[in-house]
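Below: one structure, written as C-alpha cells.
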2 protein chains.
Amino acid sequence: MAQLNRISHVRKFVRGTVIQGQGEVSDIVGNIVEGVVKLSSASASGDDHIVGLLFPSDFFGRLFAEESQFSYEAVTDVTLCAMNRSGFERFLADHPTVEHEMLKAKLDELDAVREWAAITNGHTTMQRVATLLYVFSRRSRNQHREGGDASPSVVHIPLSRRDIADYLGTTPETLSRNIQTLARAKVIRIINAKHFELIDANALISHSGETREDLNRIASY
Amino acid sequence: MAQLNRISHVRKFVRGTVIQGQGEVSDIVGNIVEGVVKLSSASASGDDHIVGLLFPSDFFGRLFAEESQFSYEAVTDVTLCAMNRSGFERFLADHPTVEHEMLKAKLDELDAVREWAAITNGHTTMQRVATLLYVFSRRSRNQHREGGDASPSVVHIPLSRRDIADYLGTTPETLSRNIQTLARAKVIRIINAKHFELIDANALISHSGETREDLNRIASY
DNA sequence: CGCCGTTTTGACAGGTATCAATACCGGTGG
DNA sequence: CCACCGGTATTGATACCTGTCAAAACGGCG
C-alpha cells in the first residue's frame, strides 16, 4: 500500500476551480480529503445540470476513459489526494483485490445515482427540496456525532442556491419559494443562506413523499 | 470459459413477468439474449419510475448485494442467459480479467445513467420525447443494418405509452400530445402505437435540444 | 460604509398534471 | 370471417405548478 503513496500527492483547489473540464482528457483521479466537488454536465442550450456531488472519502475522476464526459468543479475549497490516472490504472491491474473493491463501490454508486434520478424525475419540487434537506441533515448529524453532544439539528448545505437548483433540476427562484414555505410552516428555520435548523423532521419527511427508510438509505450513501 | 456454461442456463419469461422484485433477495444475474427488461423503482406514493432499460447483450442483476433495490420486469417476452448470483461472483473472483471488464462496463453505464438523468431533468417533455425517439431510431437502424437494405427509417419502440411516460418522467396524456404534435409537424408518421416512421431527422434533433453528437453518443451506449 | 453578488419577492405566461370522456386496436369466441 | 369486449391510446377542459423576467432586499467583503 506504500506503493500508492509513491504515485499520489495532495493538491488543493480554491472554490470555483474546474478540476477537470467536460470533454477534457481524463488524467487525474483520486480521493477527496476535504471539501465538496460537483459533477456536472452542460448541455447545448447552455444550462448545466449537476449530476452528482462528491464528499470527503469519495473517489473522483473517470477511470479507463480517454476523456471525461462531465466536469469536476470545486464547490468549496477542496483538498484532494490526487493520482495520475494511468498510474492508478496500472496499480489496479497489479492489485485485483483493490479493483474488486472499486467495482463494489461503483455498483453502489450506480444504485444511488438511479435512485436519485427516480426522485428528481417523478416528484414535485417541494418533494425534492424536502428530500435534499433531510439527506443533508443526516449527513450533518453524522458529522456532529463525533463531537459527542446532542447537536441542535443544524444543517449545513455548502452549496449556492443556484447549485442546489441545478442539482434538483429547478431554478433558484422556485427553490427559494419552497424553502421559504417550509420556513413559514415551521418545519425548518433559516439561519443564513447555507445553514438551517431542522425543527420538525417528521413534517419534512412527509413533504418528501418518501418513507423514512428510503431517505435514510439515500443519506447513507 | 466453458466454466460459465456450467453455471448458466437459458430461461424465458413472458411479457409482464417480474424477474426480480424491488427489495427481494438478489439471486439471479446474467445476460439478456432477447427482449427488453425495464429497471424500475416504486416510491412510497405508489407511482413508479423506470430508471433504465436493458436490451440484448446487456447484463442484468445486482452483484455483491443481498437485495435488489430495483425491480427487473420483462417488457416484452424475454430470453435470458441466467446464472446464480453467488456462483457468478465466485467465477469473477477466479477471473480478474473478467471482473476488470465488468468494472469498465459499469463505469460506462454510470456515465450513461448520469447523462440520461441530466436530460430528463433540465429539459421540457417535448425535448425528452424527441431525444427518446431519436435514440430508438438509431438503435433500430443498427438492427436493420444487418438486413442489408436501406430501411425506410422505421422506428420500433417496444414499450407501452405508460412505460415510456414512466421512463421520461411524465404522464401518458402529455406524452401522447407531444407525439401527435410531432406527427402533425410531419417530423414523424405514426404507423401504430409502437411503430413510427422518421420523416425529418434534423427536425427531430432540433426538437431535442441536444447536438447530433451528444445524441449519437447516448444512442451508442 | 459602500459596493456587488446572492437571495428573495412579485407578477405573469406557458407547460404540465389531473380528471373525464371518447376513439382505437387486438384478441376472443361465435 | 365477423362481432364483441377490454385495455390502451387519444382528445378535451381546467387548475396548478413552475419558469421567466424584473425589481427589491439582504449579506459579505473590501
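Labels below follow one simple rule: chain letters A, B, ... track the order of the sequence lines, proteins then strands, and each chain is numbered from 1. In this text the structure is predicted, and so the values were computed from the model without any measurement. Computed over heavy atoms, backbone and side chain alike; hydrogens, waters and symmetry mates excluded.
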TODO: Assess whether salt bridge (charged side-chain N to carboxylate O under 4.0 Å, His left out) is satisfied between Arg162(B) and Asp166(B), documenting all intermediate values.
DONE: CA-CA 6 Å; Arg162(B) 164 145 296 283; Asp166(B) 284 344; 3.5 Å; yes
Task: Validation row: His195(A), Val154(A) side chains within 4.5 angstrom (heavy atoms) - done: yes
Open item on the list: Going by salt bridge (charged side-chain N to carboxylate O under 4.0 Å, His left out), name the pairs with one or both residues in residues 115-130 of chain B, residues two or more places apart or in two chains.
Closed with: Glu115(B)-Arg217(B)
What are the atom names and distances for every N/O pair under 3.5 Å that joins the protein to nucleotides 14-17 of chain C?
| residue | atom | partner | partner atom | Å |
| --- | --- | --- | --- | --- |
| dT16(C) | OP1 | Thr125(B) | N | 2.8 |
| dT16(C) | OP1 | Thr125(B) | OG1 | 3.1 |
| dA17(C) | OP1 | Thr170(B) | OG1 | 3.4 |
| dA17(C) | OP2 | Thr170(B) | OG1 | 2.9 |
| dA17(C) | OP2 | Thr171(B) | OG1 | 3.4 |
| dA17(C) | OP2 | Thr174(B) | OG1 | 2.5 |

- [ ] Using whole Å, report how far CD1 of Ile190(B) lies from C1' of dC24(C).
- [x] 12 Å
Open item on the list: Across nucleotides 23-30 of chain D, 5' to 3', mark each nucleotide with B, S or - according to how protein heavy atoms within less than 4.0 Å reach it.
Closed with: --------
TODO: Please find out if less than 6.0 Å separates the ring center of Phe60(A) from that of Phe55(A).
DONE: no
TODO: Measure from CG on Asp163(B) to C1' on dT8(D) and round the result to the nearest Å.
DONE: 12 Å
- [ ] To the nearest Å, give me how far apart CD (Glu173(A)) and P (dA13(C)) are.
- [x] 17 Å
- [ ] Using whole Å, report how far CD1 of Ile164(A) lies from C1' of dT8(C).
- [x] 14 Å
- [ ] Please indicate whether Glu24(B) has more than 12 foreign heavy atoms, meaning atoms of other residues, nucleotides or ligands, lying under 6.0 Å from its CD.
- [x] yes
Task: Any donor-acceptor pair under 3.5 Å from Ser140(B) side chain to His156(B) backbone - done: yes
TODO: Examine dT6(C): is either OP1 or OP2 under 4.0 Å from a nitrogen or oxygen in the side chain of Arg162(A)? Give yes or no.
DONE: no
- [ ] Return yes if some donor-acceptor pair links the side-chain N/O of Glu197(B) with the main-chain N/O of Val155(B) below 3.5 Å, else return no.
- [x] no
TODO: Measure from NE2 on His195(B) to C1' on dA9(D) and round the result to the nearest Å.
DONE: 15 Å
Task: Protein-nucleotide distance (His49(A), atom NE2; dG19(D), atom P), rounded to Å - done: 10 Å
Open item on the list: Using a 4.0 Å heavy-atom cut-off, does Gln180(A) contact any base of the nucleic acid, only the sugar-phosphate backbone, or nothing at all?
Closed with: sugar-phosphate
Task: Rounded distance in Å - NE2 (His207(A)) to P (dC17(D)) - done: 12 Å
TODO: Report the distance from atom CD1 of Ile179(B) to atom C1' of dT10(D), rounded to the nearest whole Å.
DONE: 10 Å
Task: Side chains of Asn178(A) and Thr125(A), donor plus acceptor under 3.5 Å - done: no
Task: Flag side-chain contact, heavy atom, 4.5 Å: Arg177(B) against Gln180(B) - done: no
